[in-house]
Structure formats: structure tokens, C-alpha cells
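Worksheet for the structure shown next.
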Protein chains: 2
Amino acid sequence: MDKVPSRRSDRGYHHGDLRRALLTAAMELLDKQGIDAVTVRAVAREADVAHSAPANHFRDRTALLTQLAVASFQELIQDVDDVCARSRATKREQIEAFAEVVLRFAFTYPHRYRLLWRADCIDQSSAGFQTSGGAVYGRLRQIMETGERSRQMSLDTQVVAAWSLIHGYISLRLDGTLIAGKDEQTGEPRERAIVGVLLDGIGAEY
Amino acid sequence: MDKVPSRRSDRGYHHGDLRRALLTAAMELLDKQGIDAVTVRAVAREADVAHSAPANHFRDRTALLTQLAVASFQELIQDVDDVCARSRATKREQIEAFAEVVLRFAFTYPHRYRLLWRADCIDQSSAGFQTSGGAVYGRLRQIMETGERSRQMSLDTQVVAAWSLIHGYISLRLDGTLIAGKDEQTGEPRERAIVGVLLDGIGAEY
DNA sequence: TTATCCATATTGACAGTGTCCATATCCAAT
DNA sequence: ATTGGATATGGACACTGTCAATATGGATAA
């Protein structure tokens, strides 16, 4: 595997693999310092190129951030698929596993998760974004449509409820509004308890 | 009620009520053009004062935005209290009414609602912010602790589940991830349907 | 009334940003 | 070998937040 010299003085006029280098640097900045730190110029500095070099690979800052979001979605999808590959007995367990994966991703990479929902930073009309974002929702829908279903509400309502609950809990935790905790009655982690509320609410079989 | 001249040329060196004027201008910018448009300088321009005049009333941009958030929370609290004043028969109806109020606020003032959760724009340690933000959560908790409760989970788990679901649904709608819709089975608005999921999940009596 | 103080407003400056432009470089295809 | 086209550079511009020095004038004290 050919390595591209990282220092400007060690390489020629052209970088060789700048696009990838920019994405790597940008993701690192995102993880370590948050969205605001991912400026075009800071990313260029990290990659040791001129401040306007990124323009050759990304139309603007939004395009760069959109690519980070797409990459994040794809990683999340991968995580979900990895877990779902191990077949589980009940639908209830599958939904619990899905929630666990998303929660783990969000708490491991809080800034990446936040970026996914920053409409002001992302080109939501981008095909890549819509596809990868839709795929996550699709995975959950796929899980929830299997087996018996409540006849009291449509599948989409169940999926929207599940997604809203999980996403809402994560958002509140990442914002600092909520803190980790346990159910005072059962002692189980709060996130497990609220997923239980959801499962009971949609009437998921055991 | 004394009016302060709005045009710079129509008033003296001092404005008279600049703090209020700045908050008004800032809220207007927020509603019309979103958080990014609320820059210190743009607000100063709207109020027709020098670009650094706001510094005398708000330490920095964060302080200004924090005040907008506090004002928004207070308005939301007012709305909640107005609705809850009209006593309702069942706990279920009260929770539904709470959700309806928050949903209406969020869809009426989307940028205000978004600002409430922008940790990067707000001084979350501010006393006013913590108080007003906590008050909303407190109102919901108050509603949910009345009457009979499920013995399967703690009150806080129920409240967290409710708040997560409502907040998550709103966030997804405001981000454009979800669109308004009806339950394909019952025909009721999706937001009502998912609140129904919650109510069933926590075992709320009718 | 007059003098002084202090909150408030102004102007100017600086560093940082995104983005455009003209220019420089170099690889690759003709 | 020459010529394009892709990519990188450096400079420029308008905008941002924030700081510092200065100007103003109302309120208070003498």
C-alpha cells in the first residue's frame, strides 16, 4: 500500500490522494473538537495543503460535511447489519438489539451522530445522504415488519414511534438534558427501560 | 407607553431601551431566517446601532442566543400552563394535551424549538436556562405522577420515555427526515398515533 | 446650577472564516 | 515532445466575533 507523504515539504506540488486525506482529517477534527472545528481551512491545515485546495474536491463546506455524514451513516448501517446477522429468537430481541447498536454508535461518536441531523450543515438533497439515511430507517422497518403485528396501528406508525423514541433519547442525552441512569424500580438501565415502554406500546410479542 | 425611536437619526446618542430592542430584533431574525442569521452584527443592524453596541447588554453571541432560548422556554411553559388549566378528565387526555402543545409550539416556531437544543449555541449552565428548561420537564412529570401508575417502572422512566418520544418525533419532523402523515390503519394523525403507543406502553388508564 | 461620574454607544482594529480568482505545477494522453 | 486538463497555490474580498480606545449624555452629588 503506497503511502502519500503527509508533510508538504516531503511531497511534490500535487498531493496524490488529497480527497481521502481531507476526509480523514475532517473526521478526526469532528470527533475530537466537534462540528464547528471542521472548517475548510482547518481541514486543509491538518492535511498540510493550501487553504483553498479542498475546493478541488468539495464544492463547499457543506459538501465536505455531507460526505462525513454519509460515511457515518454507512458505518452505522454496517454495525446494524453485523448485529442483525446473528439471528435472534424474538422480534422483541431484534428491536432491542437495533436500539442498542444505535445507542452505542451515538455515545461512541457523539459528534458524528449530531452531524447526521444538522440540516443546516448538510445537503439533504444529496443522493448519497438520502440513500444511506434511508437505509437505517429501512433496516428498522424490516425488523419490525416480520412476524405478527398489532392490528391496532400501521407498521409505519410503529417504526416512526420506535425511531422517534430512540432518536429523542439519544438527542437529549447528547445535549446534556438527560443523564445516564437506571430505572428506580427495576434497576435496569434507563435506555433499556424506555425501549421496553416502546415494545409494550406496540404490543410486541415475546 | 413611551416608544423609542427606531431610526438612528431620530434619536440621541443613547438608545434608551436597546436590550429589549436587540432581543426583539434577534427573535425576528431567528424566526425568519434561522439561527445562523442571528449574528451579533446583523442584530445590531436591525436595531440600527453600531456593530459592537450589543456588547454592553450581552457578553457575547452565546449570551444573546441563551436569552432567546430562555424566552422561548418561558413561552412554551405558558402555553402548557394555559392548556393544563382547563382540567381534563383523564390522565391520558392530559398527556395528550401536553404533547399537542409542544408539537404546536415546535411547528409554529421551528427555529426557536431547534435553538433550545443547540448546546453549541447556548450557555447551558445559565441559571435562567436550567430553570426554564427544567420547568417544562417538571410540568410533564407533574402530570404523569398523578393518579394510578404502572408498578412495572419508575415515574422517571415514564417521563423520560414520553419526553424522548415527543422530542424525537419533533426533531425528525423539523429536520425533514419525517413528513406529516396519518396512520394507514386508523387514519388518525401520525403524531397522535405515536403518543398512543407511548400511553399504551406506560399502561396509562383511560 | 454646575461638575463629575458612569452606563451606554461609537469607531477602529484584528484574526478567523468561506469562497472566488488568477496563476502555477505536473501527469497523461496525444 | 507538446499540449491539455486536473490539481494545488496564494491573494483577495466580504463577512464574522470580539477587543480596545474614545465619545456622549443622563443622573447624581456638590
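Just so you know, these numbers use all the heavy atoms, side chains as well, and skip hydrogens, waters and symmetry mates.
- B:Arg19 is listed as a side-chain neighbour of B:Phe58, based on a closest heavy-atom distance under 4.5 Å.
- At the heavy-atom level, B:Arg45 lies under 4.0 Å from the strands shown only through sugar-phosphate atoms.
- In this structure, the side chains of B:Leu174 and B:Phe107 come closer than 4.5 Å at one or more pairs of heavy atoms.
- Within a heavy-atom distance below 4.0 Å of DNA chain C, the residues of residues 50-71 of chain A found are A:His51, A:Ser52, A:Asp60, A:Arg61.
- Within 6.0 Å of the CZ atom in A:Arg88, the count of heavy atoms belonging to other residues, nucleotides or ligands exceeds 12.
- With B:Thr62 contributing its side chain and B:Asp123 its backbone, the two residues share no donor-acceptor pair below 3.5 Å.
- Geometrically, B:Arg139 does not engage B:Phe98 in a cation-pi contact defined by less than 6.0 Å to the ring centre and at most 45° from the axis.
- Atom-to-atom, CZ of A:Arg41 to P of D:dC15 comes out at 16 Å; the value is rounded to the nearest Å.
- Between the C1' atom of D:dT9 and the CG atom of A:Asp48 lies a distance of 13 Å, rounded to the nearest Å.
- With a 4.5 Å cut-off on side-chain heavy atoms, A:Gln78 and A:Asp82 count as touching.
- For the pair B:Ile202/B:Met144, a side-chain contact is recorded, criterion being any heavy-atom separation below 4.5 Å from C-beta on.
- Near DNA chain C, defined here as any heavy-atom distance below 4.0 Å, the residues from residues 27-40 of chain A are A:Thr39, A:Val40, listed numerically.
- Residue B:Leu22 contributes atom CG, which lies 12 Å from atom C1' of C:dT8 at whole-angstrom precision.
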Could you provide the dot-bracket string of DNA chain C, using ( ) for intrastrand pairs, [ ] for crossing pairs and | for bases paired to another strand, with Watson-Crick or G-U pairs below 3.5 Å? ||||||||||||||||||||||||||||||
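- Under 3.5 Å, the side chains of A:Thr157 and B:Asp183 contain a donor-acceptor pair of N or O atoms.
- Side-chain contact between B:Ile35 and A:Asp120 is absent, with no heavy atoms from C-beta onward closer than 4.5 Å.
- For B:Arg192, the CZ atom sits in a loose shell: 12 or fewer heavy atoms of surrounding residues, nucleotides or ligands are nearer than 6.0 Å.
- Going from atom CZ of A:Arg20 over to atom P of D:dT7 covers 14 Å, rounded to whole Å.
- You'll find the side chain of B:Leu65 stays beyond 4.5 Å of the side chain of B:Arg118, heavy atoms only.
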